[in-house]
Every structure is written in C-alpha cells, then in structure tokens.
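One structure below.
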Number of protein chains: 2
Amino acid sequence: MTDSVAIPGYRYGDPSLPRAALTPADFDRLKAALLFRPEDVVALRRAGDVLVPQTEEILDVWYGFVASHDFLVAYFSGPDGPRSEYLARVRARFGRWIADTCRADYDDSWLAYQQEIGRRHFTGKNETDGAAASGAPPLVHFRYVNALIYPIYATVRPFLEKGGDDPVTVERMHQAWLKAVLLQVTLWAEAYVTRGAW
Amino acid sequence: MTDSVAIPGYRYGDPSLPRAALTPADFDRLKAALLFRPEDVVALRRAGDVLVPQTEEILDVWYGFVASHDFLVAYFSGPDGPRSEYLARVRARFGRWIADTCRADYDDSWLAYQQEIGRRHFTGKNETDGAAASGAPPLVHFRYVNALIYPIYATVRPFLEKGGDDPVTVERMHQAWLKAVLLQVTLWAEAYVTRGAW
C-alpha cells in the first residue's frame, strides 16, 4: 500500500472507507464457490514478481483493446471524443490494480476497497476524476465489466510466460489470476444487483 | 432442439418465449468485448462431440461439488433438506445445457432462452418445478452464479482431454467453453442488475 498518495482516487488501505457489507463467513463461501484457495494467493505472489515490472506493456495491450472498440472507449469519452486526462487517471489506478491483484491480503481492507471499486463503476463513476463535467457516460454497463474478465485473463498469458517459469507454474499463475479477476468482478457486481439478490 | 419435449421446463426454441431485450448489434458488441468469435463456435462443436457422451459423468462432478457445499445445496433444499425431485429436474436441463453450450446457433432464439434462464435464477426461480411449495429459497444469489463460472470451466478439462485431440485443440476447446459460459452468465445477469445499468 505504498505510493497510494501518488495515485488520485486510489483508496486501498484507506481507513475512512465504509466496511464491506459482505461478512467474513460469506466471503469464505464465495471463495470456496470459486475454488479460490491459499495456494492461489501463493501463485499470485509469483505472478506479481513477473507482471509488475511489465505493467506499462500490459496496460498498453489493454488500452489498445479498449481503443479499438468504440463502444468501450465511449465510457471514457465526452461529446468531443476520448478524454485523455480521465484515461490517464484511470490508467494509473489500473496499473496499481495489477500489483494489488497479485499482492493483496484479501482481507477486510481489501474487501472494503472492492466495494468502492464496484460503486465507482456505477453510481460513483465520474466523481473521482471530475469526468462528469467532461460529459462522460454516468456508468459502465455491467455486461462489459463482466465480459472483460476474458480479455483481462487471456492477455496476461504471454507476460506470465516471460518470467521464465516452467509451464506448470505459468499455468498455475494464470489460473490464479483468472480466479482473482472473477472474484473481484463478482464483488463489484454487488453495486449493480437488485438489493437482496446479490 | 430435439428431445425438448422430454425435459420439463426446457424452452430453447420455444417460439412463445419473449424476444431478448438485447439488440443484435449490442449482442455483437458483447461478443467482441469477450473475444467470442466464429472459431470459438467451431471449437465448441468439437467440444460437444467429446463432452455430450460424458454428460452424466460431468453432472456427477458438478452435483458432487454442489452437494459438498451446504450454502450451494441450500438453493435446492426445503426445511427438510435437499429436494431430490427438484434436483433431478434441474439436472435434466443442466445436462441439456452442456449440449446446447456446444451446439447452439447463438441466434435470436438462443438469446431469448438465455433471458428466460436468467429470469429463472431470480424472480422466476421456483415456478417451473413447483419448488416454491417445497420451501426452496426464492432465488439463487447472483454472486454464486457468477463465481461458479470457474468450477464449471475448470472441471470440464479432463473430460475434454478424453476425446483424444492434440493439446492445442484441447486448449482451444477449453478457452471457447470458458468464453461461452462467461457469455451466458453475463446475459443471465440482466435479470439481476438495476434497470439501465446492465
């Protein structure tokens, strides 16, 4: 959680965030349903060693993907087109998210920040970066948040392979990454789902 | 769509289902966000040849997984415990779902049935099988629907390998299966998400 001051809107570890509504017991159940286990956290630690030094290259791939789909870049755009300052501010948090996904303690503080991230994709989307004034859409539609699990999963594979680990270890890291991304998006979904049905 | 008469509640191809709200253009965008491409449909066809003859063994694994987690089996249970008739009726549709995932045309008729499946997990959960009278919970919480993407993906791998295809083909089938499952759950999410935010 170092450097958090340097990233606008980054709040992992901020004690003033509301606690997550999910109880620790229900969080354990969710992890069990997803097969997210302690050995996945171990594999993610190694993935962090490999991926974090490649953060900018990974973000280039992801931003390239978004940029090549007008219906995705629209979420970062106003009437005059893409807002470069907004894109840059999100990029800083997105880069940090790669490190956090690999290194998080998956504890209460992390859960509270997931709740905040979910809220920011929906009802709180533009407040952090002043994007409302630029005419950016007021929310990211949930279907794209969930769908993007796949490219966010698939595109890290070549970056994981660059770490020089044996194929079994690469596969283990990749599976742990998929679980961690699916777990997070499932947590973010709470902001979108009808009360009581999440 | 043969044999549909034999499975209670199975409605793929039923012309009396309401059309999906999603437009064809938006469906294409969703598939693009998820990297779901024509070659995935080809890979799924081969996956169907391999998986469909193993349907009962796959369902045994999935039902074993549900049965080993009390918070999952609860969705099929009344005050007296698991409802075997309800479990059996869902099992017949779940088996058919394996075949449909591999062989569907991903067309308007398929989209309409996805909308119906989503509705059945939430507001329409117990109407099809008379499960309300047995005291089963009125909905499946969305977080488990989304989380189960992972085990539904991971557990088919050994079954795909039994088809004797080369490792590249097995991997291609497995990735296509993951995309198809994620695509479907993302469509089902529409029933759960606040209107206008899906």
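Convention: sequence-line order gives letters A, B, ...; per-chain numbering from 1. Note that the coordinates shown come from a computational prediction; the quantities given were computed from them, not determined experimentally.
- For residues 55-86 of chain B, the interface with chain A (any heavy-atom pair closer than 4.5 Å) comprises B/Phe65, B/His69, B/Phe71, sorted by residue number.
- Within the 4.5 angstrom heavy-atom criterion, only side-chain atoms of A/Leu35, from C-beta onward, approach chain B.
- Chain A forms the most heavy-atom pairs under 4.5 Å with one residue out of B/Ala32, B/Gly196, B/Ala147, B/Pro138, and that residue is B/Ala147.
- Rounding to the nearest 0.5 angstrom, the gap separating the CH2 atom in B/Trp198 from the OH atom in A/Tyr144 is 8.0 Å.
- In this structure, NE2 in A/His141 is found 8.5 Å from CG in B/Asp26, a value given to the nearest 0.5 Å.
- The part of A/Tyr153 that comes within reach of chain B is its side chain, from C-beta onward, which places non-hydrogen atoms under 4.5 angstrom from that chain.
- Between chain A and the residues B/Asn146, B/Ile152, B/Leu30, the most heavy-atom pairs under 4.5 angstrom are made by B/Asn146.
- Closest non-hydrogen pair, B/Ala33 versus A/Pro151, comes out as O-CG, 3.2 Å.
- Of all heavy-atom pairs spanning A/Leu22 and B/Arg143, the tightest one is CD1-NE, 4.2 Å.
- In terms of hydrophobic clustering, with Ile, Leu, Val, Met, Phe, Trp and Tyr side chains grouped at heavy-atom distances under 4.5 Å, B/Val156 and B/Val52 are assigned to different clusters.
- The contact between B/Leu139 and chain A is made entirely by side chain atoms (from C-beta outward), counting heavy-atom distances below 4.5 Å.
- Residues of residues 167-194 of chain A lying within less than 4.5 angstrom of chain B, judged on heavy atoms, are A/Gln175, A/Leu178, A/Lys179, A/Leu182, A/Thr186, A/Ala189, A/Tyr192, A/Val193, A/Thr194 in numerical order.
- Summarising the geometry, atom OH belonging to B/Tyr150 is positioned 13.0 Å from atom CD1 belonging to A/Ile149; distances are rounded to the nearest 0.5 Å.
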